[in-house]
Participant: 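Structure incoming, see below.
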Amino acid sequence: MTDYDPHSIESRWRDRWTEAERYEAEPDDAESTFVTVPYPYPSGGMHVGHARTYTVPDVYARYRRLQGDTVLFPIGWHVTGTPIIGAVERLKKGEEQQLDVLQNTYNVPSDTLSELETPMGFARYFIEEHYKKNMKALGLSVDWRREFTTNDERYKRFITWQYERLNDRGLLEKGLHPVSYCLEQEDPVTTHDILEGEEAEFQEYTLVKFDWDGTTVPMATLRPETVHGVTNAYIDPDAEYVRAQVDGDEWIVSTEGAEKLAHQARDVERLDSFTGERLVGQRVTNPVTEEPVLVLPAGFVDADNATGVVMSVPAHSPDDWIALQEAKDDDERLQEYGIDPETVRAIEARPIADVDGYGEVPARDAVEFAEVESTTDPELEEVRQELYNNEFHSGRLKEMYGEYAGRIISDVRDAIKAEYQQRGAFDSMYDFAEMVVSRAGGKVIVSEQETWFLRYNDPDWTEMAHEAVGEMTVIPETTREQYTHTIDWLEEWPCIRNYGLGTPLPMDDDFIIEPLSDSTIYMSYYTIAHRLQDVPVEQLTPKFFDTLFYGSDAVAEPDETALDLRGEWEYWYPVDFRCSGNDLISNHLTFYLYHHAELFEKPQWPQGVTSMGMGLLEGEAMSSSSGHVVLPSEAIEEYGADTVRFFLLNSAEPWQDFDWRDERVEDTRDQLERFYDRAAEIIELDCPDEQPDLEPIDRWLLAKLQETVAAATDALEAFETRKASQAAFYGFEEHLRWYRRRTDRDRPGARWALREVLRTRLELLAPFVPFLTNELHERLTGEPSTAWPSVDPQLTDPIVEIEEMLIEQLTEDINDIVNVTGTDPDRIAVYTAADWKYDVFEQVTETGPDVGAVMSEVMERPELRERGNEVNQLVRDLVDQVRGRDDETLATMADVEERSVYERAREFFAGEFDAEIVVKNETDAETDSEREQASGAVPFRPAVHLN
RNA sequence: GCGAGGGUAGCCAAGUUAGGAAACGGCGGCGGACUCAAGAUCCGCUCCUGUAGAGGUCCGCAGGUUCAAAUCCUGCCCCUCGCACCA
């Protein structure tokens, strides 16, 4: 019954566009528009969430093209770094989950798997078999001549240039940085490489350097400000400890602690080892208070956490409090270690801060209140958290803190720490708070590595980045603050990795520039990527790129080719819109701004960024590892590319999350099919070439069309794909429904109007559903959609719109009365308001919607004053009518001849309600009962009576 | 914890920037028209009450400002995203 066959239409148009090189963009006299999207990272296949990411810029590109611009929409492939290598490794190891994803989620044939066993083989497979095929099937208007990968020699030359220049400008810096490090692989690891403890964050522990006869016993703590409250120390008597030279001093730490320190850029030399028992019962001296304190044995001390020795602050730590009580009660154990129980019993908690809501010894109060009695009680965790929180935010230090006395801990902790560190009493080390294990099975620790950084906290650079944000269009506007915040928050960014695909750092080619750092200005590379193919790699020196980007004056002997290419770059740059994801604001998008601001002049800075929301599938997050994804190829096969596109663009605005629900997608497909069928009918109609006489209802439809053109245009300018397509598609369907109900469509005027409407809507929808619309447009007019429509002032008609609105309102009113009374009237009387009521209306529009003010004006007029209450009620009704309508509309309303509007529509009403329709003015009422019925008439709200 | 966004009728979702109509639209549900029938299409209804187009109560919760609040202010609850070497 339907002729709509998306697959044949779509393949036909795809072929035509390819043959015509339709989207191969060359500089010309027209305005240029340059839109980009982050190049895909082919470490796996593409799902329908990615499809939206690339379709949104496509819609904008198509829109700008219809507006007459020359538009560039390119794609490249990001393969930098380790994810692809990791994926290949997992494949080669035959890891089950990886095989499952490749074979079952992404349908890689078994006999092809071997091709994926090299990084570029893997990338190439997904580029060709997934991304490109899907993108072409979706009809993305990409200039495919410009594609490249970030592992290409020419691209590497470009990145080399970028990093040499950044280095020249002093924005690169070499230094130490803590990273997660796998002891098994002896290499840094990323979150993706971590099997256990993926969420773990590493902490910077303060080491309080207690002294034991000239040997340092560093006690690890996260609360350095409690140093005055230390009453004793704890060590695990059974764990292994070492004495070692650490940066020239002698330290005692756990064996694990020593290994960690060795990885944190310290010079560690082990002297001897022993169990913790050796320190038990010894006295060590607090470096701040210079007091000796006793070392007690404790099983709860974890030798594999920081140094494996901790200080005890029983007044403020619930753990320490309980442990101390337990020690006091266990004479036997103490004696075992040769400790006099009396000395332990003499230890008293030493409060160092006043905390709101707690007594003198907060830890005791907290423990007693919660009735926790043992260090193994699971509830202790909660008690500890709560107390720590309260102390941190409301604890005030006591007098022993000198200049810090009376201050809130959260305000001064860092200062105290820095001060004692400076004085040599404190040191620090990094560690995780929990066990972390890599996928390779090795223990993961925090290591400090020599690294190159990008100095994103450089004040001048930061300032320029702020400026760039200030000058660009941000969609949605609410994200602007996120950029500002990110810029202020960014510190130095380590921009290299030890291994991976990509470009070696020119200053130190043992390292590879990491993915987020080699993807900041590559949009400029698109402008010349296709032409660079003809330039020998060796010719692409930094000077070549200087010439290309900075012009002939930048170098002594400018390269001719570079100068020639410079024209292309100048034509396309700046990037008009970068369409990216919400999640990239805090890194990629902000880096993009930084690097543009630094390396290019202001006119070349980013003009606009839109960030997109995520995709859900049947209400849940998509996940390729669990197979909870829909592949674009499958969706297109089932519904057609236009349906997929339309659903993605129409179900939510780009920055909102969308939810792919099969049922909804099916509905979308049905709607498009219906649209297609109706369009086909109109195309078949015999239609006059010249505009025939139009009825008011035809002019109304055409006026609505103009409104729709304006709304869709405004919306697309703001990237509101949903609003634009809703207006052009669903919104207009409603107007058409009313039109069909209101009129006979077999008139020349109606045919002409419907044809005009169809043509325009096809143009409005062309960016969204390009296959369907171009097909129909060509059948209708002989050529594809070539221009975006503009509002035709000849076809706007405010009066006819108001007249039609009155008819709709009256239809609703009559219908309401019929419903509520349950009657089936034979005769419907419609009374328009008496002339004096229109005088009052005019007064209301003049005075404004203020009942009191209008009344005092109106009461000046004797002929109105004598109507008293009636006028009062009328003014109230009219004020409600007028409120919220602009002056223009009100002025137009004043020109409407209400009675003739209803009379012209008599036939329509008669048909709708199957009744005789009588239209009269209120003043023409003859009998008392008729006058009664008619008296309620208000301008633009006639009285109605049913019999 | 920090930063950002959000909570609207059974579901999805507009409206919030410029306060002013129980609150666009869709889905689902109910009734009707057309049809041999189904589907498609069309017309009503779909918070409560109501045989005259009305009234009442509503926009996470609790207050406040105002003639008037889904919209502005304050506090609270809940959800989502980001928080660094990772695309």
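Throughout, protein chains are lettered first and strands after them, A, B, ... in sequence-line order, and every chain is numbered starting at 1.
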Participant: For atom CD of E663(A), decide whether the heavy atoms of other residues, nucleotides or ligands shown that lie under 6.0 angstrom number more than 12.
Facilitator: no
Participant: So which nucleotide from C42(B), A40(B), C81(B) ends up closest to the side chain of M614(A)?
Facilitator: C81(B)
Participant: Of all the nucleotides listed (G53(B), C83(B), A52(B)), which has the minimum atom distance to the side chain of W489(A)?
Facilitator: C83(B)
Participant: I need a per-nucleotide contact map over nucleotides 5-13 of chain B, read 5' to 3'. Cutoff is protein heavy atoms under 4.0 Å; write B for the base, S for backbone only, - otherwise.
Facilitator: S-------S
Participant: Can you figure out which of G82(B), G3(B), C43(B) approaches the side chain of D583(A) most closely?
Facilitator: G82(B)
Participant: Once you apply a heavy-atom cut-off of 4.0 Å, does L946(A) come out as touching a base, just sugar-phosphate, or nothing?
Facilitator: base
Participant: Expressed in whole Å, how much space separates the C1' atoms belonging to G1(B) and C58(B)?
Facilitator: 37 Å
Participant: Which of these nucleotides, C42(B), A54(B), A40(B), is closest to any side-chain atom of R674(A)?
Facilitator: A40(B)
Participant: Can you tell me which nucleotide in A52(B), G44(B), G82(B) comes closest to the side chain of T821(A)?
Facilitator: A52(B)
Participant: In Å and rounded to the nearest 0.5 Å, what is the CD1 to CD distance from I802(A) to E898(A)?
Facilitator: 11.0 Å
Participant: Scan R678(A) against the nucleic acid and name what it touches under 4.0 Å (heavy atoms): base, sugar-phosphate only, or nothing.
Facilitator: sugar-phosphate
Participant: Please assess R741(A) against E912(A) for the test salt bridge (charged side-chain N to carboxylate O under 4.0 Å, His left out), listing each intermediate value before the final yes or no.
Facilitator: CA-CA 9 Å; R741(A) 187 171 163 188; E912(A) 283 287 308; 2.8 Å; yes
Participant: G25(B), G44(B), C27(B): which one has an atom nearest the side-chain heavy atoms of E734(A)?
Facilitator: G25(B)
